[in-house]
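Report on the structure given below.
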Amino acid sequence: MKTLLKEMILDAASAAHKEGILPSPDFSEVVLEEPKADSHGDLSTNMAMQMAKTQRMAPRKIADALIDHLDDKKGIIMRTEIAGPGFINFFIRPAAWHPVLAVIHEKDHQYGRCDLGKGARIQIEFVSSNPTGPLHVGHGRGGAVGDSTANILSFCGFDVQKEYYINDSGRQIQTLGRSVYLRGKELLGETVDFPDTCYQGEYIRDLAGELLEKDGPEIFSEAEAQAIMPCARFAADKIIDGMRADLVDFGVTFDRWFSEQGLYDSGKVAEDIRHFEEKGLIYEKDGALWFRTSDYGDEKDRVVVRRNGQTTYFASDITYHKDKFERGFNKVIDVWGADHHGYIPRMKAAVQASGYDRDRFGVLLVQLVNLLRAGRPVAMSTRAGEFVTLADVVKEVGRDAARFIFLTRHYDSALDFDLDLAKRKTNDNPVYYVQYVHARIASIHRKAATDGLDVGDFVQSDLSALETPEDVVLIKALARYPEAVKTAGTFMEPHRITYYLMTLAAAFHTYYNRHRVLCEDNLKLTRARLYLITAVQTVIRNGLALLGVSAPDSM
RNA sequence: GCGCCUGUAGCUCAGCUGGAUAGAGCAACGGACUUCUAAUCCGUAGGUCGCAGGUUCGAGUCCUGCCAGGCGCGCCA
C-alpha cells in the first residue's frame, strides 16, 4: 500500500513538473507514515513541506498541485485533505487493504521477508562465555538477542553465520584447572587452602568428582604445575558441553564454535604479532609489546604481550577478528555485555589496523539483567559462585517466556526479569498474550471443522464483508509487518518485532471480542473472516519464529 | 577527572532516525463470560518527555551546558 501510494505521489510530482506547476524536478524522497490520530487519515506525507525550499513555493500550494495530479488508477483513495502546515492526508477505501491478505496467504512463511542484505555475508558472534562456569541470566539475554538478530538478518536477505568464541586459553582457564585440582585433593581427604581467587562454585567440586571417577586419583597427587592443564581441559570440555546443552534447551544453536586456543596452536597469534611488528604497529616499551591503537582513535596504546612474555586477551582478539574478515564476511557483529564497552575503541582500531574498514565491525552492547522474584532482587554473587543459571531460569519459566522477556526491551537498556511474573499466566505476561492469539485462531479452525462449516477455498472468498473499522485496523496491522522486520534488521533491534507482535495481538483480541468469526447463517462472512484471521495467525507465527518462540495451537 | 549508556504517566517501558493533540502494559477505579479459550475485551483517570539554552515552519527525537543513575577507564577477561 505504501509503495503503491509513494509511486502515485512521485508520478503526480513529475506530472505537475511537466506542466510547469512545480519548477524543480528535484523531488525529496516521499515519506509516508501512519498518523497517530485517525482523523488524519490512514496515511500521510509531509512531502509538500519538505519540498517547500527546493520548489520555493508555499507547502500548501505544492500539496494542491500534487493532489490535482494524482492518478488513482486502482481507486484506492477515498479522499484526500491538506492539513496543518502542509500535510497531505490520504483516506484509503477499506476494500483497498484487502489485497494484503492475499499476499500473506500466498507468501505464507515467507511473508515479511526482504532483500535488505542482498546476500551479504554477515557473522554474528554472541554469548562467548568463558568456559569456567555455567551460563547465567546475562548470557541468556545475549543469547536471545544474538540468535533473534541472526534470524531477523537472515530473513532480511543476509547470509548469516552464528559463532561462539571459546576463551579456552589464558589465565582464567588455568585458574579453572587449579580450582578443580584443589577440590580433587579435598575429595581425597587432603586439607587444602582454597584461595579466594579460585572459583568457589559447587560445580567445581562436581567436576573434580567426575574427573576422579573417570581417571582415578593419580592426577590429584601429581605436582600442581603438572596437573593443572589436564584438569583444566577436562573441566572446560565438560563445561562447554553443559553450555551447549543449556543453549539447545534455550533454543540457541551455533554454526561454529571457535577455539581461542586454536589460534595459538596454529601459530596465528604469533604470526600476526610478527606481522604487525614489521609494519611498525607493534613496538616494545617497558619490556612489553604495545599495539598502536591510539593511531586509530583509541585513547592510548594497548599491551599485547606482557613483560612476563604472556600474551593478553587483546592479542588473540586481534587475530580472531582479522581471521573473521579473512573468512570473507562483509560484516562482523559481536554481542557483548555492556561492561565491555570500553573495549570497543581498541577493537575497532585493531580491525582498521588490520586493513579493514572499521565500520564493517559492529558491537551490540547488551545491558545487564536484574533478576527479580516477586519484585525483589535475587541475590547473586559470581565470586561466591552463587547465582541463578540460565538453565535454572529456562527450567523454571520455560523457554518461550524466557526468550520473549529478554526481547521485550531494547538491548541497550537494563532489563528487569521477574521470575514470578514470567511464570504468571495472566495479562501482565506478554508472552502468553501473543501466543494466545495463535492458539485462539487454531481453536476457531478446530471449531469450524467440528461444526462442518465449509470453509471452502480461501482465495476465492469474497472479502467485501471485511469493512468494519476493526477489520481495517487488523489488516493495516498485518500490512505493517514487512516494515517492522526491515526496521528490526536495519538497526539490529529484535525488540521491534516483540512490540509489533504485541500490537498485532491487541488488535486481534479486540477483533475477537467484537466480531464472531463463525457465523452459521452467513457463510460468506465466515469465509472472509476465516481468511482474515488465518493471515493473522501466519504473521504471529512468523514473528514469533524470528524471536525463537513457539506458536502453540492450544494453551 | 575522562569516556559510553540511560533519564518519557505512580511502576516497567515504546516512540517508526525531525512531524500534527506524546503512546502501551502493570497498578487504581467501573463494566463485559448460556458464545469460536475471560491467559481476553470495553471504559475512566493519570504528563513541565531530568533542567536550561540553541538549531527551524516544527524538537521526546538534533547541538551545547548542567543535574541524577548505571557501567567502564589493568601488562584481567
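Numbered from 1 within each chain, the chains take letters A, B, ... in sequence-line order.
Distance from the side chain of A:H495 is smallest to B:rA14 among B:rU40, B:rG19, B:rA14. When the nucleotides B:rA39, B:rG19, B:rA38 are ranked by their closest atom to the side chain of A:M555, B:rA39 comes out on top. Relative to the side chain of A:P35, the nucleotides B:rA20, B:rA77, B:rU40 differ in distance, and B:rA20 lies closest. Ranking B:rA77, B:rC42, B:rU40 by closeness to the A:H340 side chain, first place goes to B:rA77. Of the candidates B:rA38, B:rC41, B:rC73, B:rC73 carries the atom nearest the A:K300 side chain, counting heavy atoms from C-beta on. You'll find that the side chain of A:R171 is closest to B:rC76, out of B:rC13, B:rC76, B:rC36.
For RNA chain B, each stem of at least three Watson-Crick or G-U pairs (distances under 3.5 Å) is given as range with range: B:1-7 with B:67-73, B:10-13 with B:23-26, B:28-32 with B:40-44, B:50-54 with B:62-66.
Heavy atoms of A:A338 sit under 4.0 angstrom from primed sugar atoms or phosphate atoms, though from no base atom. Within the 4.0 angstrom heavy-atom criterion, base atoms lie near A:A83. Residue-level contact check: A:A52 touches neither bases nor backbone, having no heavy atom under 4.0 Å from any strand. Within 4.0 Å (heavy atoms only), A:F491 reaches at least one base atom of the nucleic acid. Among the atoms of the strands shown, base atoms are found under 4.0 Å from some heavy atom of A:D286. Contact annotation for A:H515: base contact, defined as any heavy-atom pair under 4.0 Å involving a base atom. The residue A:D317 sits apart from the nucleic acid: no heavy atom pair falls under 4.0 Å.
One finds no salt bridge joining A:R446 and A:D451 here, because no Lys/Arg side-chain nitrogen approaches an Asp/Glu carboxylate oxygen to under 4.0 Å.
Using cut-offs of 30° and 60° for the angle between ring planes, the A:Y165 and A:Y313 rings count as perpendicular.
Here the two rings, on A:F126 and A:Y164, have centers that are 6.0 Å apart or farther. Annotation: A:H40 is not in aromatic contact with A:F87 [ring centroid separation under 6.0 Å not met].
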Checklist entry - Base, backbone or nothing for each nucleotide of nucleotides 2-10 of chain B, written B, S, -, heavy atoms under 4.0 angstrom, 5' to 3'? => result -BBSS----
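Separating the C1' atom of B:rG60 from that of B:rC51 is a span of 14 Å, rounded to the nearest Å. With P as the reference atom, B:rU12 and B:rG7 are 12 Å apart, rounded to whole Å. Comparing B:rG19 with B:rA59, their C1' atoms are spaced 10 Å from each other, to the whole Å. Across the C1' atoms, B:rG54 and B:rG18 are found 15 Å apart, a figure rounded to whole Å. When the P atom is used for both B:rC16 and B:rU6, the distance is 13 Å, rounded to whole Å. Separating the P atom of B:rA45 from that of B:rG25 is a span of 15 Å, rounded to the nearest Å. Comparing B:rC26 with B:rU40, their P atoms sit 8 Å apart, to the nearest whole Å. Comparing the C1' positions of B:rU44 and B:rA9 gives an interatomic distance of 15 Å, to the nearest angstrom.
In this entry the base of B:rC33 is syn relative to its sugar, with a glycosidic angle within 90° of 0. Glycosidic conformation of B:rU44: anti, with the torsion beyond 90° of 0.
When the C1' atom of B:rC75 is taken as reference, atom NZ of A:K285 falls 11 Å away, rounded to whole Å. To the nearest angstrom, C1' of B:rU40 lies 13 Å from CD1 of A:I441. Between the CD1 atom of A:I318 and the C1' atom of B:rC75 there is a distance of 14 Å, rounded to whole Å. Between the OH atom of A:Y512 and the P atom of B:rC36 there is a distance of 7 Å, rounded to whole Å. Between A:L530 atom CG and B:rC36 atom C1' there is a gap of 9 Å when expressed in whole angstrom units. Atoms OH (A:Y500) and C1' (B:rC13) sit 20 Å apart, rounded to a whole Å. Atom pair A:N308:CG and B:rC75:P shows a separation of 12 Å (rounding to whole Å applied). Nucleotide B:rC36 holds its C1' atom 9 Å from the CD atom of A:E520, rounded to whole Å.
Taking the centre and axis of the six-membered ring of A:F314, the NZ or CZ atom of A:R302 falls outside the cone set by 45° and 6.0 Å.
In terms of phosphate contacts, A:R306 brings a side-chain nitrogen or oxygen within less than 4.0 Å of OP1 or OP2 of B:rC76. The shortest distance between the side-chain N/O atoms of A:Y499 and the OP1/OP2 oxygens of B:rC16 is not below 4.0 Å. Of the side-chain N and O atoms in A:R514, none sit less than 4.0 angstrom from OP1 or OP2 of B:rA32.
For the pair A:L364 and A:W336, the minimum side-chain heavy-atom distance is 4.5 Å or more.
A:Q435 places no side-chain N or O within 3.5 Å of a backbone atom of A:A551 that could act as its donor or acceptor partner. Panel note: side chain A:R292, backbone A:I282; no donor-acceptor pair is recorded below 3.5 Å.
A donor-acceptor pair shorter than 3.5 Å cannot be found between the side chains of A:Y500 and A:E483. A donor-acceptor contact closer than 3.5 angstrom links the side chains of A:S316 and A:E260. In summary, the side chains of A:N167 and A:Q172 do not present any donor paired with an acceptor at a separation below 3.5 Å, with no hydrogens or angles considered.
Both A:N513 and A:Q172 lie near RNA chain B, and the one whose nearest nucleotide falls closer to the 5' end is A:N513. Comparing A:T312 and A:E483 by the nucleotide of RNA chain B that holds the closest heavy atom to each, the one mapping nearer the 5' end is A:E483.
A:L176 and A:Y199 make their closest contact through N-CE1, 3.7 Å (heavy atoms, listed as atom of the first residue, atom of the second, distance).
For A:S44 against B:rA20, a side-chain-to-base donor-acceptor contact under 3.5 Å is present. Side-chain N/O atoms of A:D339 and base N/O atoms of B:rG72 include no donor-acceptor pair closer than 3.5 Å.
Stacking between A:H40 and B:rA20 is present: the aromatic ring centre lies within less than 5.5 angstrom of the base six-membered ring centre, and the two planes differ by under 30 degrees. Judged by ring centres under 5.5 Å apart and planes tilted less than 30 degrees, A:F87 stacks against the six-membered base ring of B:rA20.
Sorted by first and then second residue, the side chain to side chain donor-acceptor pair (under 3.5 Å) pairs involving residues 338-351 of chain A (not counting sequence neighbours) are A:D317-A:Y343.
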